[in-house]
Each structure stands twice: as structure tokens, then as C-alpha cells.
Amino acid sequence: MTSKKVQGNLEQLGVDMNSSQMHVFRAILTAAGGTNKPVAYREISSSLETIAKKKFTKAYIYRRINDLEENGFITGDTIHTPRTYTITESGVTKALEVRKQEKLSASLTKRQDLTTRLKHLRSIKTQDLALMLHEQLAGNSTIEGSLMIEGVENVRSTIIREFADGAKEGDTVRVLAHTSTLADGLGPGGVTELRLLQSGFRGVKVMGILTPIGQDPLDMKIMANHLAPMVEVFQQAVNTGNIHVKVSREPINTYRIVSLNEDKMLLYLTHAKESDVAALIHRKDNPGLIDDALRTFDDLWESGIDVLELLKQIVQKQQTP
């Protein structure tokens, strides 16, 4: 194997033979005259200056020596004085093997991440992907005044622009919906839910309340089916501590909204599976309506059943022998 090919293989492991660290490694090897021969700082310093044809500070050389020792390329003798450093073939082999395993692990993690992303993209409808692309290209220009929104895609685009992407760290997004929208229309989870979940990664607090279809408030099968296409993102978002989901204890005919803080909300005007009519309302235009909707939300939240806590308890029971 040629020297150039060896250098290329080492670079793939993250070992740059032209780095200052490797220059000191070479100086140690040259000063020792081979492996398994200990050398002290003075010999290393002299060897490095001869190779580089210039002087280096003591602090500079010791930093590189410490790095080499931490990475396993050299072994330091802390017992004898002055302290000596040794290069062994087994030590270098072990250090390279560690690098190899780290690179392999990182590669597998990246591969798994790409596989998950590809799986999620395949589960999203083509029109949803087009909507995401449009939002990225058009930017996040919010609507200043209240207005009616017509058309399924326009409603969903407004949710993403005004609430999911429009929220900043420390903001609170509230979602109040009927479980039937998961069962009949929006499920499996779509791009709007995905973007709301992803806002949790930016420090946005997302609170969701579902009102049940019948007397049984919890239909875990409906939720599982809805979340299946984006389960990995959902789990990661929940781990941020910013995602909270509850179910009201009894069926109730009430608002279906998405709100940002106390500033504005989107009020669905139908309970259709994919609502094509909604109103974007800013506080300055109708503070009473926003306050009443948020009071309703807070009342339902106070008495609601914590879905995430319930899921944790179920998992713990399943894991208990």
C-alpha cells in the first residue's frame, strides 16, 4: 500500500498527518529512534525544532503531548522524573481501532437518521412536501391583520407560518382539537403537526388538548395510528420537555383552535376532517373572543388527563417483570 493511500486511510479516521499533533508524534518517534523507547520533554523539544527548523514554546509542545496521550497514541510515565513518553505499536493500534469504532458508530447513526428521514418523507403526501418547499422559499412573512382563510392548503400554510414557524423560544402554542380529526381526517400525521412538534426543538412550549369522541376519553389506537409516520420526531420532541398533550375527561362541543401566546389564534369554522375555512384573529381585533377561547383551553387543561404521563406508566408496567 502506497504512502499516499495510507495517509488517505488515516485521514478517513480523523488522523491528519500534517497536523501539529502528528508533527509532535513524529518528533517523539524520531527522538526515541523507534517504538518502545521512552524519551523526555527535552529530547522531544530538540527533535521537533530540528524537524521544523524553528522553536516552539513549552506550553505549545505540552499541549500536543497531552492531546496525543489522551488519544492513546503515546503513553506517559508518571512515576519517574523527568517524565517520559513512549510510543508502542499496540498503543497506536488500539488508538486507531478506537477512532475506527467512533467513525463507524457515527456513520451508522447518520445512516439511521437518513433512513428515518427518508421513511418520514415517503409517508408525507406530495402536496405536503410542496407546501413545505413553498414555506422555505417564500420565507416567514406573517399576516398583520385578522382575516378569513379559505382552502385546505391555505389553512395549513397559515398554521405553519403564523404558529409553528412564527413561534420563538419561550413562546407558547396551544392546540385544541377533536379526536375525530385524528381518526377521520388529519391522520396519519401531516406536515402541520410535524412543524408544530419541531418548534419544540427551538424552545417553544406546545400544549395540545384533544376532546374525545365518546365516553371513553382515551383511544390510544387512534393516537398511535396518527403518530406512526412521525413517531421518531414525536419522541425526540417530547424529550425536550416542551411538548405536552392532554385529553379532556368528557366529550364537549367547543372551540377548535391554534393559538400563539395570547396574541393571536386560528379558529376553525368547521369540524371537517380537513377544514377549508378558518379565521385568523389578532388580539387587537377581537380580544374578548381570544380570551374566552384561552379560558376554555385552560379549564380543560386543568382537569384533563395527561396522555404522556399515562404512556410512561403503561411502558413502565410492560417493562416490570
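Only a predicted model underlies this, so the values are computations on that prediction, with no experimental measurement involved. In this chain, numbering begins with 1 at the start of the sequence shown.
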Completion exercise
dist S45:OG -> I65:CD1 (nearest 0.5 Å) comes out at 8.5 Å
Exercise for the section: Report yes or no: does N71 contribute a side-chain atom to a donor-acceptor pair with the main-chain N or O of F73 at less than 3.5 Å? Expected result: no
Exercise for the section: Identify the heavy atoms of E169 and V204 that sit nearest to each other, and give their distance. Expected result: N-CG2, 4.3 Å
Practice task
Kindly say whether E153 contributes a backbone atom to a donor-acceptor pair with the side chain of S157 at under 3.5 angstrom?
Solution key: no
Problem - Nonpolar side-chain network containing V152, other nodes, edges under 4.5 Å - result: none
Practice task
Would you give the length of the straight line joining atom CZ of R63 to atom OG1 of T57, rounded to the nearest 0.5 angstrom?
Solution key: 6.0 Å
Handout entry: Rounded distance [0.5 Å steps], OH in Y268 versus NE2 in H178
Key = 14.5 Å
Exercise for the section: Examine distances only and state if a side-chain atom of T86 and a backbone atom of N36 form a donor-acceptor pair shorter than 3.5 Å. Expected result: no
Practice task
May I ask you to say whether D165 pairs ionically with R195, meaning some side-chain N is under 4.0 Å from a carboxylate O?
Solution key: yes
Handout entry: Result of checking I243, N239, T240 against F201 for side chain to side chain contact (heavy atoms under 4.5 Å, CB included)
Key = T240
Practice task
Inspect the contact between E162 and K264 and indicate whether a charged nitrogen and a carboxylate oxygen are less than 4.0 angstrom apart.
Solution key: yes
Practice task
Search all heavy atoms of V173 against all heavy atoms of A167 and return the closest pair with its distance.
Solution key: CG2-CB, 4.0 Å
Handout entry: Shortest non-hydrogen contact between A27 and I44, atoms and distance
Key = CB-O, 4.0 Å
Practice task
Is it possible for you to say whether I51 and F25 belong to one hydrophobic cluster, with membership spreading through side-chain heavy-atom contacts below 4.5 Å?
Solution key: no
Practice task
State the CG-NE2 distance between N242 and H244, to the nearest 0.5 angstrom.
Solution key: 6.0 Å
Problem - Distance-only donor-acceptor check, side chains H80 and D77, under 3.5 Å - result: yes
Problem - Any residue meeting side-chain contact (heavy atoms from CB on, under 4.5 Å) with K55, in chain and number order, not counting sequence neighbours - result: E49
Problem - S46 side chain vs R42 backbone, donor-acceptor pair below 3.5 Å - result: no
Problem - Distance-only side-chain donor-acceptor flag, S20 / R64, under 3.5 Å - result: yes
Handout entry: salt_bridge(E97, K94) N-O dist < 4.0 Å
Key = no
Practice task
Report yes or no: does T158 contribute a side-chain atom to a donor-acceptor pair with the main-chain N or O of N154 at less than 3.5 Å?
Solution key: yes
Practice task
Taking all non-hydrogen atoms of both residues into account, name the closest pair between S248 and T211 and its distance.
Solution key: OG-CA, 3.4 Å
Handout entry: Backbone N/O of G151 and side chain of D276: donor-acceptor pair under 3.5 Å
Key = no
Exercise for the section: May I ask you to say whether K246 pairs ionically with E302, meaning some side-chain N is under 4.0 Å from a carboxylate O? Expected result: no
Exercise for the section: Give the cluster check for V98 versus L68: same hydrophobic cluster or not, with ILVMFWY residues linked at side-chain heavy-atom distances below 4.5 Å. Expected result: no
Handout entry: Short side-chain to backbone donor-acceptor contact, N66 and Y62, under 3.5 Å
Key = yes
Completion exercise
Cluster membership besides L267, Ile/Leu/Val/Met/Phe/Trp/Tyr side chains within less than 4.5 angstrom, sorted by chain and number, is M148, L176, M207, I209, I252, Y255, I257, M265, L269, V277, I281, L289, I290, L294, F297, L300, W301
Exercise for the section: State plainly whether the residues E69 and R83 are in salt-bridge range, i.e. N to O under 4.0 Å. Expected result: yes
Handout entry: side-chain contact (heavy atoms from CB on, under 4.5 Å) assessment of I61 paired with Y41
Key = CA-CA 9 Å; I61 297 174; Y41 167 80; 3.7 Å; yes
Exercise for the section: Could you tell me whether the side chain of R174 and the main chain of L260 form a donor-acceptor pair under 3.5 Å? Expected result: no
Exercise for the section: Could you tell me whether a side-chain N or O of T93 sits under 3.5 Å from a main-chain N or O of E89, the two making a donor and an acceptor? Expected result: yes
Handout entry: Closest contact, heavy atoms only, S199 versus L196
Key = OG-O, 2.5 Å
Problem - Interatomic spacing from CG in L29 to CD1 in I74 - rounded to 0.5 Å - result: 11.5 Å
Problem - Gap separating the CZ atom of R283 from the OG atom of S259, nearest 0.5 angstrom - result: 10.5 Å
Handout entry: Basic-acidic side-chain contact under 4.0 Å: R295, D298
Key = no
Exercise for the section: Quick one: closest heavy-atom pair of V39 and A32, and the distance? Expected result: CG1-CA, 3.5 Å
